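Only a predicted model underlies this, so the values are computations on that prediction, with no experimental measurement involved.
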Amino acid sequence: MSGRGAKEGWDEEILASLAASPGRRLVGTGMLVVLGALLSWTVIAFPPAALGWLVFLIAAAAFAFFSAQRMWEATSRTVLLTRAVLREDSGRIIALVEEIEAVDRGLFAFKPSNGFLLRLTRPAPRVWALGLWWRFGRRVGVGGVTPGGQGRAMADLLSALILERSQSDQ
């Protein structure tokens with residue numbers, strides 16, 4: 001995202017953390033596994049006559065199982081907020097606080113469940129940690145299978161950091 005190293009922001013105090021709720025993690029992943037199993041069962045029990053539909057159902061089942069595995073991995077991580085960076089506990093940087101332009105928790109915001117939307121000052125590479133966060137261009141969505149209270153607290157802290165930064169710039 002910038003020339004800064006991935007370790008920057010590690011020595012700072014962690015202001016907030018956002019981790020997947022175990023129950024939601026299990027339900028979310030379980031629903032994808034059930035979807036894959038139902039699609040697989042449909043292919044075996046009622047194979048469609050058209051080859052196109054057969055390929056579609058098999059591909060959809062494989063995608064559901066793949067997504068379940070990716071969600072299980074992604075939701076094992078924790079999102080951490082310091083004064084400098086929003087990152088995963090693995091070290092992957094989600095966004096630098098100085099590049100966050102706005103935080104949106106509004107009802108009609110295109111955001112994950114129990115989460116919030118960040119608008120960055122410049123585009124960043126696309127990433128999707130299924131069930132935890134995603135980034136497309138200048139938009140970052142944080143949340144998903146996470147507790148709402150943790151998401152609200154992190155969004156409020158980010159808003160306060162942005163306000164503090166804007167007041168110090170004046």
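Minimum heavy-atom separation, Ser159 to Val103: OG-CB, 3.6 Å. Residues Ser113 and Arg24 share a closest heavy-atom pair of OG-NH1, 4.5 Å.
Remark: side-chain polar atoms of Arg165 are paired, donor with acceptor, to backbone N or O of Val97 under 3.5 angstrom. In terms of modelled atom types and a separation under 3.5 Å, the side chain of Arg105 and the main chain of Gly151 share no donor-acceptor contact. With Arg87 contributing its side chain and Leu80 its backbone, the two residues share no donor-acceptor pair below 3.5 Å. Side-chain atoms of Arg83 do not come within 3.5 Å of backbone N or O of Glu13 as any donor-acceptor pair. Proximity of a side-chain donor or acceptor of Asn114 to a complementary backbone N or O of Gly143 within less than 3.5 Å is not detected.
In this structure the side chain of Val33 reaches within 4.5 angstrom of the side chain of Phe65, judged on heavy atoms. Here the side chains of Arg139 and Leu117 are in contact, with some heavy-atom distance below 4.5 Å. In this structure, the side chains of Leu86 and Val142 come closer than 4.5 Å at one or more pairs of heavy atoms. The closest side-chain heavy-atom distance from Leu15 to Leu161 is below 4.5 Å.
Interatomic distance, Thr78 OG1 to Glu88 CD, rounded to the nearest 0.5 Å: 9.0 Å.
Residues in residues 58-76 take part in these side chain to side chain donor-acceptor pair (under 3.5 Å) pairs, two or more places apart or across chains: Arg25-Thr75, Gln69-Glu73. Among residues at least two apart or in separate chains, ring-ring contact (aromatic ring centres under 6.0 Å, His included) pairs with a member in residues 23-51 are Trp41-Phe46.
Aromatic ring pairs are classed by plane angle as parallel below 30°, tilted from 30° to 60° and perpendicular above 60°; the pair Phe56 and Trp53 is perpendicular.
Placement of Val55 and Leu39 within a single hydrophobic cluster is found when ILVMFWY residues are connected by side-chain heavy-atom separations under 4.5 Å, directly or transitively.
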